[in-house]
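Have a look at the structure below before the remarks.
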Amino acid sequence: MYQNNWLQLALGRISVIPKLALTVNMSLVSEFLGQLSLNVGSCEPKYPTVVPASDFDPDKDAARIETAIKTKGVDEATIIAVLTKRTYSQRREIAFAYERRAKKDLVTALKGALSGSLETVILGLMKSTAQYDASEIKGSIKGLGTDEEVLIEIVCSRSSSELAEIKTVYKELFKKDLEKDVAGDTSGDFAKLLLALVQAKRAEPSSVVDYEKIDEDARALYDAGVKRKGTDVATWISIMSERSVPHLQKVFDRYKSYSPYDMQESIRKEVKGDLEKSFLTLVECFENKPLYFASRLAEAMKGKSAKEKVVTRIMVSRCEVDLMKVRTEFKSQTGKSLFQTISEHTKGDYQKAMLSLCGGDD
């Protein structure tokens, strides 16, 4: 709240500054907004690979992009160099500056200039993380059939505050309720779990550790699954969608004193299909979210060529969130750096964009 008041005051003061000083001050505000985006809207710390550019000049960047688009054959390298090294708030300022210069919408111009995988990456970067997630969910349930993999990855890995923002943005973008769309495209216990998560009722972390509640939940998970014939899925959904992450981490630890299997093994024994994948994703993210994304990236680049949709989605959606940690987990899990693996499994302008978002070798 304090930061918001400070920002309103800063913006209020800028409105009375002479036009000559406006550019300088806007770049300062832009940097402030960039820093703010790292700390506001989520209680989780951020470990981004894409951070605010310190010498940021939106007019200069807009001019570079305009020239790159007008160049015969399009200068993709410049577009990549500029847009993968600016935060979303800075890209927005570039878009405003571009529209003032070219009298055209930047996203429309980029659509016309680019194609294939690079177009997908750059247009993804022109959205905020929440807008990007909302668009990916919409894409996964649009038309015939549902891409459950995308739905599971996003809904089961995002925090409650992120899901609440995705819901708001989804309504703004598509004039539909996310809950209704998810319910209409999924069924059974899988649908119930996704809806429980989308409702964003997860408790906030508490400084007080309630050992009695931890024991109670661990026992309830065991009684609802391994201990009985058949699974009381409703109990699993309730606990895993409503308790705070630090609480659940302790619950899973305590669970081992009741069950001969850990939580992940229990899930594999008790449920199957999309429900199994969803519960496993949840538990993996509760225990170590960057490791979950590192595993997804490793899996997507196992073959000769990468599964570009998966790689793009993770790199674009995590570059301003926790990609630096994902890199660390990737190296310790595979023995190779993410940078090196991307180099080996991708090519051309797409490779340049992915390596730039990766932010360096380990």
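Both backbone and side-chain heavy atoms feed into the values below; hydrogens, waters and symmetry mates do not.
The shortest distance between side-chain heavy atoms of E179 and K167 falls below 4.5 Å. At least one side-chain heavy atom of H247 sits under 4.5 Å from a side-chain heavy atom of D217. Considering only heavy atoms from C-beta on, E344 comes within 4.5 Å of K336 through its side chain. Between V283 and M240 there is a side-chain heavy-atom pair separated by less than 4.5 Å. Between I65 and L83, some side-chain heavy-atom pair lies under the 4.5 Å cut-off. The closest side-chain heavy-atom distance from K46 to V321 is below 4.5 Å. Inter-residue side-chain proximity for S135 and Y170 is flagged as unmet; no heavy-atom pair is nearer than 4.5 Å. Between S157 and F293, some side-chain heavy-atom pair lies under the 4.5 Å cut-off.
Across every non-hydrogen atom of S257 and R254, the tightest pair is OG-O, 2.6 Å. Contact record, D215 with Y258: OD1-OH, 2.7 Å, taken as the closest heavy-atom pair. Taking all atoms of both residues into account, the shortest heavy-atom contact from Y350 to T312 is OH-OG1, 2.8 Å. Of all non-hydrogen atoms in A53 and K85, the two that sit nearest each other are CB-O, 3.9 Å. Taking all atoms of both residues into account, the shortest heavy-atom contact from L125 to Y88 is O-CD1, 4.2 Å. Considering every non-hydrogen atom in both T281 and C156, the closest pair reads CG2-CB, 3.6 Å.
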Next item on the list: Please test L248 against R202 for side-chain contact (heavy atoms from CB on, under 4.5 Å), starting from the C-alpha separation and ending with a verdict.
Entry: CA-CA 11 Å; L248 284 167; R202 190 174 304 288; 3.6 Å; yes
Next item on the list: Go through Y255 and V226 one step at a time and tell me if the side-chain contact (heavy atoms from CB on, under 4.5 Å) criterion holds.
Entry: CA-CA 11 Å; Y255 178 84; V226 173; 3.5 Å; yes
Next item on the list: Output, in order, the C-alpha distance, side-chain angles, deciding distance and verdict of side-chain contact (heavy atoms from CB on, under 4.5 Å) for Q131 and E172.
Entry: CA-CA 10 Å; Q131 286 168 349; E172 286 167 4; 5.8 Å; no
Notebook entry, point to check: Could you walk me through whether V182 and L195 pass the side-chain contact (heavy atoms from CB on, under 4.5 Å) check?
Noted result: CA-CA 7 Å; V182 168; L195 287 170; 4.3 Å; yes
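Side-chain N or O atoms of D75 include one that pairs as donor or acceptor with a backbone N or O of T78 at under 3.5 Å. Remark: the backbone N or O of L291 is paired with a side-chain donor or acceptor of N288 at under 3.5 angstrom. A donor-acceptor pair is defined here as one N or O able to donate and one able to accept, closer than 3.5 Å; no such pair exists between the side chain of E329 and the backbone of A294. In terms of modelled atom types and a separation under 3.5 Å, the side chain of S337 and the main chain of Q340 share a donor-acceptor contact. With hydrogens and angles ignored, the 3.5 Å screen pairs no side-chain donor or acceptor of E66 with any backbone N or O of R101. Looking only at distances, a side-chain donor or acceptor of E162 sits under 3.5 Å from a matching main-chain atom of S159. With hydrogens and angles disregarded, no donor-acceptor distance shorter than 3.5 Å links the side chain of T71 to the backbone of V74. A distance-only check finds no donor-acceptor pair linking the side chain of S356 to the backbone of A353 [under 3.5 Å]. T231 places no side-chain N or O within donor-acceptor distance of the main-chain N or O of V233, the cut-off being under 3.5 Å. A donor-acceptor pair under 3.5 Å links the side-chain atoms of S343 to the main chain of F339, judged by distance alone.
Atoms OG1 and CG, from T341 and L297 in turn, are 9.0 Å apart once rounded to the nearest 0.5 Å. Separation of atoms CD1 (I342) and NZ (K352) is listed at 15.5 Å; rounding is to 0.5 Å. Atoms OG1 and CG, on T168 and L163 in that order, are 11.0 Å from each other to the nearest 0.5 Å. Here the straight-line distance linking atom OG1 of T146 with atom CG of D185 works out to 3.5 Å at 0.5 Å rounding. Residue E76 holds its CD atom at 10.5 Å from CD1 of I69, rounded to the nearest 0.5 Å. Within the model, atoms CD1 of I137 and CD1 of I166 stand 5.0 Å from one another, a figure rounded to the nearest 0.5 Å.
Placement of I154 and V311 in two distinct hydrophobic clusters is found when ILVMFWY residues are connected by side-chain heavy-atom separations under 4.5 Å, directly or transitively. Following chains of ILVMFWY side-chain contacts shorter than 4.5 Å, one cannot reach I141 starting from Y132, and the two form parts of different hydrophobic clusters. Each of L282 and Y292 belongs to its own hydrophobic cluster when Ile, Leu, Val, Met, Phe, Trp and Tyr are linked at side-chain heavy-atom distances under 4.5 angstrom. In this structure, L151 is not a member of the same hydrophobic cluster as I314, with clusters built from ILVMFWY side-chain heavy atoms closer than 4.5 Å. Transitive grouping of hydrophobic side chains (ILVMFWY, heavy atoms separated by less than 4.5 Å) keeps V310 and V150 in distinct clusters.
Taking the ring axis of Y222 as reference, the NZ or CZ atom of K227 does not stay both within 45° of it and closer than 6.0 Å to the ring centre.
Classification of K331 and D362 as a salt-bridged pair fails, no side-chain N sitting under 4.0 Å from a carboxylate O. Salt bridge K201/E242: absent, no basic N to carboxylate O contact under 4.0 Å. Here R91 does not pair with D61 in a salt bridge; the nearest charged N to carboxylate O distance is not below 4.0 Å. With salt bridges taken as basic N to acidic carboxylate O contacts below 4.0 Å, one links K171 and D177. A salt bridge is absent between K269 and E265; no separation between the charged side-chain nitrogens and carboxylate oxygens falls under 4.0 Å. Salt-bridge annotation for E149 and R296: present, with a side-chain N of the basic residue lying under 4.0 Å from a carboxylate O of the acidic one. Under 4.0 Å is where a charged nitrogen must lie from a carboxylate oxygen, and between K277 and E148 no such pair does. A salt bridge between D133 and K127 is absent, with no side-chain N of the basic residue lying under 4.0 Å from a carboxylate O of the acidic one. Note on K60 versus D57: no salt bridge recorded, every NZ/NE/NH1/NH2 to OD/OE distance being 4.0 Å or above. Here R219 does not pair with E216 in a salt bridge; the nearest charged N to carboxylate O distance is not below 4.0 Å.
For K272, the NZ atom sits in a packed shell: over 12 heavy atoms of surrounding residues, nucleotides or ligands are nearer than 6.0 Å. Heavy atoms from other residues, nucleotides or ligands lying under 6.0 Å from NZ of K325 number 12 at most.
D253 pairs by the side chain to side chain contact (heavy atoms under 4.5 Å, CB included) definition with K256, not counting sequence neighbours.
F279 and W236 have perpendicular rings, their planes meeting at more than 60° on a 0 to 90° scale where under 30° would count as parallel.
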Enumerate donor-acceptor pairs with a distance under 3.5 Å from any side-chain N or O in residues 107-122 to protein atoms, sequence neighbours excluded.
{"from": "T108", "atom 1": "OG1", "to": "D105", "atom 2": "OD2", "distance (Å)": "2.7"}
{"from": "S117", "atom 1": "OG", "to": "E308", "atom 2": "OE1", "distance (Å)": "2.3"}
{"from": "T120", "atom 1": "OG1", "to": "G116", "atom 2": "O", "distance (Å)": "3.2"}

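Checking E287 against Q264 by side-chain atom types alone, a donor-acceptor pair falls below 3.5 Å.
Think of M324 as one node in a network of Ile, Leu, Val, Met, Phe, Trp and Tyr side chains linked at under 4.5 Å; its network also takes in Y47.
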